[in-house]
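Working notes, structure below.
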Amino acid sequence: MSSSKALIKTLIKNPTRIKSKSQAKQLHAQFIRTQSLSHTSASIVISIYTNLKLLHEALLVFKTLESPPVLAWKSVIRCFTDQSLFSRALASFVEMRASGRCPDHNVFPSVLKSCTMMMDLRFGESVHGFIVRLGMDCDLYTGNALMNMYSKLLGIDSVRKVFELMPRKDVVSYNTVIAGYAQSGMYEDALRMVREMGTSDLKPDAFTLSSVLPIFSEYVDVLKGKEIHGYVIRKGIDSDVYIGSSLVDMYAKSARIEDSERVFSHLYRRDSISWNSLVAGYVQNGRYNEALRLFRQMVSAKVRPGAVAFSSVIPACAHLATLHLGKQLHGYVLRGGFGRNIFIASALVDMYSKCGNIQAARKIFDRMNLHDEVSWTAIIMGHALHGHGHEAVSLFEEMKRQGVKPNQVAFVAVLTACSHVGLVDEAWGYFNSMTKVYGLNQELEHYAAVADLLGRAGKLEEAYDFISKMRVEPTGSVWSTLLSSCSVHKNLELAEKVAEKIFTIDSENMGAYVLMCNMYASNGRWKEMAKLRLRVRKKGLRKKPACSWIEMKNKTHGFVSGDRSHPSMDRINEFLKAVMEQMEKEGYVADTSGVLHDVDEEHKRELLFGHSERLAVAFGIINTEPGTTIRVTKNIRICTDCHVAIKFISKITEREIIVRDNSRFHHFNRGSCSCGDYW
DNA sequence: CTAGGGTTAG
């Protein structure tokens, strides 16, 4: 009996001396044997159990108490919070108050955290009122918990109010306001608080830095970031997972993916966020294949991808147009129960439309129960790319009707839609409404879309004027779209003016050289052409090879123009020859104007024959069941002659053929194309 | 009591 009393005394002073479950059970048993399980000693046993996270054992003891003392309440409430049983924590708090016990300051941090996690601001505020009435609002931990709650549920202003009223502040207090400022985009204030910390003799720790680092990745200030990286290493907290993923992300966002890789490879502990920071980093830097490789590596490292991981990798499939991988990921998404996530759904809509399956994209879009400006934009862009300009425009109108305000990206999408079907007046209306109705500035992309539209519509001079008077400095690519319009509408004079504009901005623009050479050739201007060719040779420029690829049984087959190395080449040629005979019977005449001039007519036809898109289409047809849709992707614009030829092929073979070039999709069916030959 | 990664365009 007396030894138990001594034990109780030491335990009251230091209950964490009990470190294992068996020790705790032993002690508990001893109390029961000596019949000294009073309210006080029972509370101690409870707190020992809860410190060891043994909720079940603690509750068994707790239930035996008729009127549990504060220590017992406090322990179970903290344990409930600890185990994420927030509503039970709050219920216990209510019960404690009803029993007339007055909570001490140790109870509030857990209660406030539970309110935060339950997102129950009303209850939290009433607890705050209670805290003030008890005069406990000057308690450090309680104040910190209050700030955290307001930061998550109310807003930074109330956080600041609590902070300023706190008589004593520690690192956690500062970290909480700093995170609050950083998360509300008030970067200057966040950094000011970091400096203020220093003057209060508090040193920034891992929490501080992982809140501050994302600021520099958004500012893209590598220098500041590197400075922090150095500080982190000196402090020996560079292996912190939180800091690690912030660093990976920061370097990736500053286009220094090699530094991201280095940081990642030095992390000895990696969670799903560290992995995903690098996956997302690869995607942000256009390294789609590496993103997919790392994602697979993450899965085989038994790190379960979460919702964020899927919304990071799916765009990689969209860019690569790898439908089979996209479908696989879609399957994982559904099995993981992430189908309703708006980020993922938007990414899927985009992926399916970029992989050529606009119907699947639309189905996912229609099944979403909430549409934001991103998902609207994804489906509008999808229809635009597939040549459904009118549908895209009416979706844009529907978006506005539903009260979703279009952002700058949405305008890029609707202008692109107008451009692909030649809706000139509508496009002007949208372009002007940006500033007049929505207070958005027109940026390069919007100017580029309108310039493209005017050029395609054959209003070449108007397009030239428009680009010359842009409020933003035009880039080579804006002029390039006009140049190709000049070529389509056979206006050599303007093309020369445009080409000079391009060469002053980008003297190595190979596409422009090729286009100009062809135009000179078809106009019989051999001298100018020769001069241009010499310029190209002097610069040592080479033509980007045209290539097309097609997916077959989960494998991608690539074809380069004129390259005969594919094992099926004989069968492909046999097929093309047979189909060509039929085509010519039906009126096909090879359009050789797009081919360089200095070869004879017969050879020109042969060159067209070897165009990569034609090879890929042929390969697809001979390797699939009749009636199967053929999907081909090409790295540059589809050639005029191939466009005609594939129309014939679609009719003769009764196939739907979908070709994605660098700007849009062409759906060939029964001898015609969805673009209506307007492209 | 406090912290990190995500979707649409180019």
Side-chain angles (χ1 to χ4, degrees), chain A residues 78 81 105-106 108-113 116 139-149 151-152 170-180 182-183 204-214 217 237 240-250 252-253 260 271-281 283-284 286 305-315 318-319 338 341-351 353-354 365 371-382 384-385 406-416 443-446 448-449 475 477-478:
Chain A
R78 193 193 292 155
T81 309
H105 61 91
N106 287 321
F108 292 115
S110 330
V111 174
L112 291 168
K113 184 179 180 173
T116 309
D139 174 61
L140 177 64
Y141 279 41
T142 304
N144 289 344
L146 271 173
M147 284 195 291
N148 184 46
M149 180 181 79
S151 160
K152 301 270 157 46
D170 68 352
V171 189
V172 176
S173 325
Y174 274 93
N175 287 344
T176 309
V177 264
I178 289 167
Q183 285 156 4
D205 64 2
F207 284 83
T208 327
L209 298 175
S210 54
S211 298
V212 162
L213 268 169
S217 48
I237 47 176
D240 182 279
V241 264
Y242 284 80
I243 292 192
S245 37
S246 294
L247 284 170
V248 168
D249 180 57
M250 183 203 68
K253 292 224 168 79
S260 301
D271 62 9
S272 72
I273 297 183
S274 352
W275 281 94
N276 193 61
S277 301
L278 190 55
V279 171
V283 175
Q284 284 149 11
V308 180
F310 286 110
S311 44
S312 307
V313 266
I314 292 170
H319 285 281
F338 301 122
N341 181 304
I342 191 160
F343 283 78
I344 294 176
S346 305
L348 284 171
V349 167
D350 182 58
M351 184 275 293
S353 76
K354 292 227 175 81
F365 178 82
H371 294 137
D372 62 359
E373 73 271 31
V374 176
S375 47
W376 278 108
T377 303
I379 195 67
I380 290 168
M381 196 65 194
L385 289 177
N407 61 13
Q408 281 160 323
V409 187
F411 276 102
V412 174
V414 76
L415 290 172
T416 304
E443 289 177 1
L444 183 69
E445 292 78 18
H446 308 103
T475 56
S477 72
V478 176

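These numbers were taken from a predicted model, which means no experiment stands behind them. So you know, we letter chains A, B, ... as the sequences are listed, proteins then strands, and number each from 1.
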(message) Just to be sure I understand the rule, does A:A206 reach a base, reach only the sugar-phosphate, or reach nothing, if contact means heavy atoms closer than 4.0 Å?
(response) base
(message) Under 4.0 Å, heavy atoms only, any strand: does A:V241 hit a base, just the sugar-phosphate, or nothing?
(response) base
(message) Determine whether A:D372 and A:S375 satisfy the following criterion, side-chain hydrogen bond (donor to acceptor under 3.5 Å, both in side chains), listing intermediate values before the conclusion.
(response) CA-CA 6 Å; A:D372 62 359; A:S375 47; 3.0 Å; yes
(message) Applying ring pair (Phe, Tyr, Trp, His ring centres under 6.0 Å), can you list everything that pairs with A:F365, at least two apart in sequence or on another chain?
(response) A:H371, A:W376
(request) List in chain and number order the residues that pass side chain to side chain donor-acceptor pair (under 3.5 Å) with A:N148, two or more places apart in sequence or in another chain; answer none if no residue qualifies. (result) A:K152
(request) Pick base, sugar-phosphate or nothing for A:A413, based on heavy-atom distances below 4.0 Å to the nucleic acid. (result) nothing
(message) Using a heavy-atom cut-off of 4.0 Å across all strands, would you classify A:D240 as base, sugar-phosphate, or nothing?
(response) base
(request) Can you measure from OG1 (A:T176) to CG (A:N144) and round to the nearest 0.5 angstrom? (result) 5.5 Å
(request) Return yes if some donor-acceptor pair links the side-chain N/O of A:S274 with the main-chain N/O of A:V241 below 3.5 Å, else return no. (result) no
(request) Would you classify A:S277 as touching base, sugar-phosphate or nothing, given that sugar-phosphate means primed atoms plus P, OP1 and OP2, and contacts are heavy atoms under 4.0 Å? (result) sugar-phosphate
(request) Please work out if A:E443 contacts a base, only the sugar-phosphate, or nothing of the nucleic acid, heavy-atom cut-off 4.0 Å. (result) nothing
(request) Using the heavy-atom set of chain A and a strict 4.0 Å cut-off, write down the first and last nucleotide of DNA chain B that makes it in, 5' to 3'. (result) B:dC1 to B:dG10
(message) I need the A:L213 CG to A:L247 CG distance, nearest 0.5 Å.
(response) 5.0 Å
(message) For a quick check of understanding: with a heavy-atom distance under 4.0 Å over all strands, which category does A:V374 fall into, base, sugar-phosphate or nothing?
(response) base
(message) Just to be sure I understand the rule, does A:S274 reach a base, reach only the sugar-phosphate, or reach nothing, if contact means heavy atoms closer than 4.0 Å?
(response) base
